[in-house]
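Have a look at the structure below before the remarks.
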Amino acid sequence: MGKTSNTSLDTVVTDFILLGLSHPPRLRILLFLVFFIIYILTQLGNLLILLTVWADPKLHTRPMYILLGVLSFLDMWLSSVIVPRLILDFTPASKRIPFGGCVAQLYFFHFLGSTQCFLYTLMAYDRYLAICQPLRYPMLMNGRLCTILVAGTWVAGSIHGSIQATLTFRLPYCGPNKVDYFICDIPAVLRLACADTTVNERVTFVDIGVVAASCFMLILLSYANIVHAILQIHTADGRRRAFSTCGSHLTVVTAYYVPCTFIYLRAGSKSPLDGAVAVFYTVVTPFLNPLIYTLRNQEVKSALKRLASGRGAGSENK
């Protein structure tokens, strides 16, 4: 029944059973439809932003919108790692996931999630330079440097994901194999290990919780300087535009970091709130990102209008 001995991996578990989110059976169809619609809208919304940034000459050469395009790409993949498996929980399909599939899901979840974490910090730094160092901004943050920094976030994210997956699955798993969660994530999987997990919990605390909290503090520090600089702007329109651009990013960052920190700074705990909190930053936040950036960013809204009308950025200026 899903278990055979495997001495080379020091484990007898060959698959896991994801128990999913607790829910009343009568709401199964409704929840299936809700998460299915959220997933489709997440993909379409982020794809629309990605295409808009790529197609509009005013946007795809500016670091701020290059980073926004990368964020949309990450949201599409992060959602694809999590939501399809979550949707299966509301169907009669088997809840089993192969051991290798669990490893892959945990790796890609932390690879993409940590890359997004670093990207948010980079986006805050970009806004800090643009608003607090406007004259030096073209020299301090250009397209080439932005590409290098983005590549650095991907490399750092990949290293982080590899470390977490390796540390988690180097432990022996000899049963039971029921993961009390909707994805293969570190806290839920570690509870099934047939060995002491103290080292893993400490690494998780430092590598995820403290790093995420530190990035969040750096972002808040950047925005403290940004707010101070904005208040020095003499025109009301200038202040409004600056606050609008930065407000959308700060809203997204808060929606991502606060739940993430809540879960991983308490890696050894088991709270019924964890599942709902995790759904918020893994499912809801990627869905909200396109709405927040399009509704609060005038340049993105203008680019969307140009894209819808078939006009380029140049034709609008004629």
Side-chain angles (χ1 to χ4, degrees), residues 21 34-35 37-50 53 64-65 67-83 86 109-128 153 157 160 181-183 185 187 208-224 226-227 242-267 271-297 300-301:
L21 295 174
V34 167
F35 284 108
I37 292 171
I38 286 177
Y39 177 67
I40 297 299
L41 293 179
T42 297
Q43 298 300 307
L44 292 177
N46 283 290
L47 180 61
L48 181 60
I49 286 186
L50 194 60
V53 171
M64 173 183 174
Y65 295 104
L67 297 175
L68 178 57
V70 174
L71 177 63
S72 293
F73 182 77
L74 277 170
D75 277 337
M76 292 173 68
W77 281 102
L78 183 61
S79 178
S80 295
V81 169
I82 303 301
V83 184
L86 176 59
F109 175 51
H110 284 275
F111 164 36
L112 297 170
S114 58
T115 301
Q116 195 168 59
C117 176
F118 299 136
L119 184 69
Y120 282 137
T121 309
L122 182 56
M123 292 173 77
Y125 177 64
D126 172 71
R127 290 300 82 207
Y128 164 76
T153 65
H160 166 85
Y181 213 48
F182 62 95
I183 57 171
D185 197 12
I208 301 178
V210 173
V211 169
S214 299
C215 288
F216 189 46
M217 292 306 297
L218 287 173
I219 291 171
L220 293 181
L221 181 62
S222 296
Y223 275 97
I226 288 171
V227 169
F243 271 123
S244 177
T245 300
C246 296
S248 58
H249 180 232
L250 195 56
T251 301
V252 168
V253 163
T254 303
Y256 181 84
Y257 275 97
V258 172
C260 182
T261 304
F262 173 82
I263 289 176
Y264 293 107
L265 285 182
R266 304 159 47 258
S271 169
L273 284 176
D274 287 352
V277 172
V279 165
F280 188 82
Y281 83 91
T282 59
V283 178
V284 178
T285 300
F287 165 69
L288 292 178
N289 281 354
L291 295 175
I292 292 171
Y293 279 107
T294 54
L295 292 177
R296 295 184 61 90
N297 190 301
V300 174
K301 286 194 287 187

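Computed from heavy atoms alone, side chains included, the values below leave out hydrogens, waters and symmetry copies. The shown structure was predicted, so the numbers you read here are calculated from the model rather than taken from an experiment.
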Worksheet item: Is a side-chain donor or acceptor of N289 paired with a backbone partner of L71 at a separation under 3.5 angstrom?
Response: no
Is there side-chain contact between V53 and I49, with at least one heavy-atom pair below 4.5 Å? yes
OG1 of T115 to CH2 of W77, rounded to nearest 0.5 Å, is 13.5 Å
| query | With no hydrogens and no angle check, is any side-chain donor or acceptor of Q43 less than 3.5 Å from a backbone partner on M76? | reply | yes
Correct closest heavy-atom pair for L119 and T153 would be N-CG2, 4.3 Å
V283 and P286 have their tightest heavy-atom pair at O-CD, 3.5 Å
Value for CD1 (I183) from OH (Y181), rounded to nearest 0.5 Å, stands at 5.5 Å
Q: Could you tell me whether the side chain of N46 and the main chain of T42 form a donor-acceptor pair under 3.5 Å?
A: yes
Yes or no on side chain to side chain contact (heavy atoms under 4.5 Å, CB included) for V252 and L288, after CA distance, side-chain angles and deciding distance?
-> CA-CA 8 Å; V252 168; L288 292 178; over 6 Å; no
Output for pair (L221 CG, Y125 OH), nearest 0.5 Å, gives 12.5 Å
**Message:** Does any part of the side chain of I82, heavy atoms only, come nearer than 4.5 Å to the side chain of F182, both counted from C-beta?
**Reply:** yes
Separation between CZ (F287) and CG (L44), nearest 0.5 Å, reads 11.0 Å
With the side chain counted from C-beta on, respond yes when L67 and L122 share a heavy-atom pair under 4.5 Å apart, and no when they do not.
-> yes
On a heavy-atom basis, the closest approach of F109 and V81 is N-CG1, 4.2 Å
Quick one: does Y39's side chain get under 4.5 Å of L86's, heavy atoms only?
no
Note: L50 and G69 closest approach over all heavy atoms is CD1-O, 3.1 Å
Checklist entry - Just by modelled atom types, is the F280 backbone N or O under 3.5 Å from a matching donor or acceptor in the T285 side chain? => result yes
Quick one, D185 and H110 - any side-chain contact, counting heavy atoms below 4.5 Å? yes
Correct closest heavy-atom pair for Y128 and I226 would be N-CD1, 3.6 Å
Rounded to the nearest 0.5 Å, the OH atom of Y223 sits from the OG1 atom of T254 at a distance of 9.5 Å
Test ring-ring contact (aromatic ring centres under 6.0 Å, His included), reference Y256, set Y120, F216, F118, output is Y120
- Item | Exam field: side chain Y257 to backbone C117, donor-acceptor pair closer than 3.5 Å | yes
Shortest non-hydrogen pair, S114 vs G157, comes out as OG-CA, 3.2 Å
dist S72:OG -> Y65:OH (nearest 0.5 Å) comes out at 12.5 Å
